[in-house]
Amino acid sequence: QVQLVESGGGLVQAGGSLRLSCAASGRTFSNYAMGWFRQAPGKEREFVAAISRGGISTAYADSVKGRFTISRENAKNTVWLQMNSLKPEDTAVYYCAARAGSSYYTERALYNYWGQGTQVTVSS
């Protein structure tokens, strides 16, 4: 089992920045690809960003490309999502996810483990 705990969400004005953290425990973190997803009220959970287990490969949703950056430090069992130039449409609960594997993964169904989520609210 892998336990994931997100933090760093909050209320920010449009144009501002937030940095989300996801702390992992339970298994060897470096064996797991990691992803960030988000879910806005009344909408399905959608892919935001993903990173391979070694941190070499990343992928982003078109809606966040150039504004968000995913990174990880395996020695700290942590993955981050740096969010810049935030927009009201970025408002959602953000979830961290993990799955064993060497690549990165953009499909929600491929992830085995999920955190409880952290709320991000961007005011206009």
* Take E46 and F37 through the test side-chain contact (heavy atoms from CB on, under 4.5 Å) and record every step on the way to the result. => CA-CA 5 Å; E46 66 175 4; F37 290 75; 5.9 Å; no
* Asked: When you look at L81 and T69, which way does the side-chain contact (heavy atoms from CB on, under 4.5 Å) test go after all the steps?
  -> CA-CA 6 Å; L81 184 68; T69 302; over 6 Å; no
* To do: Show your reasoning for whether side-chain contact (heavy atoms from CB on, under 4.5 Å) applies to Q39 and Y94.
  => CA-CA 7 Å; Q39 188 166 17; Y94 282 71; over 6 Å; no
* To do: Evaluate the side-chain contact (heavy atoms from CB on, under 4.5 Å) criterion for residues F68 and L86: first the C-alpha distance (whole Å), next the side-chain angles of each, then the deciding distance (0.1 Å), finally the verdict.
  => CA-CA 9 Å; F68 290 11; L86 283 161; 3.8 Å; yes
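For the pair T78 (side chain) and K76 (backbone), a donor-acceptor distance under 3.5 Å is present.
The local environment of NZ in K43 is sparse, with at most 12 non-hydrogen atoms from other residues, nucleotides or ligands closer than 6.0 Å.
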Using a 3.5 Å cut-off and no angle test, enumerate the donor-acceptor pairs between side-chain atoms of residues 51-58 and protein atoms at least two apart in sequence or in another chain.
{"from": "S52", "atom 1": "OG", "to": "I56", "atom 2": "N", "distance (Å)": "3.3"}
{"from": "S52", "atom 1": "OG", "to": "S57", "atom 2": "N", "distance (Å)": "3.0"}
{"from": "S52", "atom 1": "OG", "to": "S57", "atom 2": "O", "distance (Å)": "3.4"}

Less than 3.5 Å apart, which donor and acceptor atoms pair up between the side chains of residues 95-111 and the rest of the protein, not counting sequence neighbours?
{"from": "R99", "atom 1": "NH1", "to": "L110", "atom 2": "O", "distance (Å)": "3.2"}
{"from": "R108", "atom 1": "NH1", "to": "R45", "atom 2": "O", "distance (Å)": "3.4"}
{"from": "Y111", "atom 1": "OH", "to": "Y105", "atom 2": "O", "distance (Å)": "2.5"}

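Nearest heavy atom pair, residue A40 against residue A92, reads N-CB, 3.8 Å. Residues A14 and S124 approach most closely at CB-CA, 4.3 Å, considering heavy atoms. V64 and V48 make their closest contact through CG2-O, 3.5 Å (heavy atoms, listed as atom of the first residue, atom of the second, distance). Of all heavy-atom pairs between N74 and S30, the closest is ND2-CB, 3.5 Å.
For residues 29-81, no residue pair satisfies the disulfide (SG to SG under 2.5 Å) rule, not counting sequence neighbours.
Residue S85 holds its OG atom at 7.0 Å from CZ of R67, rounded to the nearest 0.5 Å. Separating the OH atom in Y113 from the CZ atom in R27 is a distance of 5.5 Å, to the nearest 0.5 Å.
Two rings, from F47 and W36, have their centers 6.0 Å or more apart.
Ion pairing between a basic and an acidic side chain is recognised when a charged N comes within 4.0 Å of a carboxylate O; D62 and K65 show such pairing.
Annotation: side chain of N112 is not in contact with side chain of Y32 (no heavy-atom distance under 4.5 Å). A heavy-atom distance below 4.5 Å is found between the side chains of M34 and L4. Between Q116 and E6, some side-chain heavy-atom pair lies under the 4.5 Å cut-off. By the 4.5 Å heavy-atom criterion applied to side chains, M83 and L20 are counted as neighbours. Residues V12 and T121 have side chains not in contact (no heavy-atom distance under 4.5 Å, counting atoms from C-beta outward). A heavy-atom distance below 4.5 Å is not found between the side chains of R38 and V120.
Partners of N77 by side chain to side chain contact (heavy atoms under 4.5 Å, CB included), not counting sequence neighbours, listed by chain and number: F29.
When hydrophobic side chains of Ile, Leu, Val, Met, Phe, Trp and Tyr are connected at separations under 4.5 Å, V5 ends up as a singleton with no cluster partners. As a member of the Ile/Leu/Val/Met/Phe/Trp/Tyr network built from side-chain separations under 4.5 Å, L11 groups with nothing else and remains a singleton.
Under a hydrophobic-cluster definition in which Ile, Leu, Val, Met, Phe, Trp and Tyr are linked whenever side-chain heavy atoms come within less than 4.5 Å, directly or via other members, Y60 and L18 are assigned to the same cluster.
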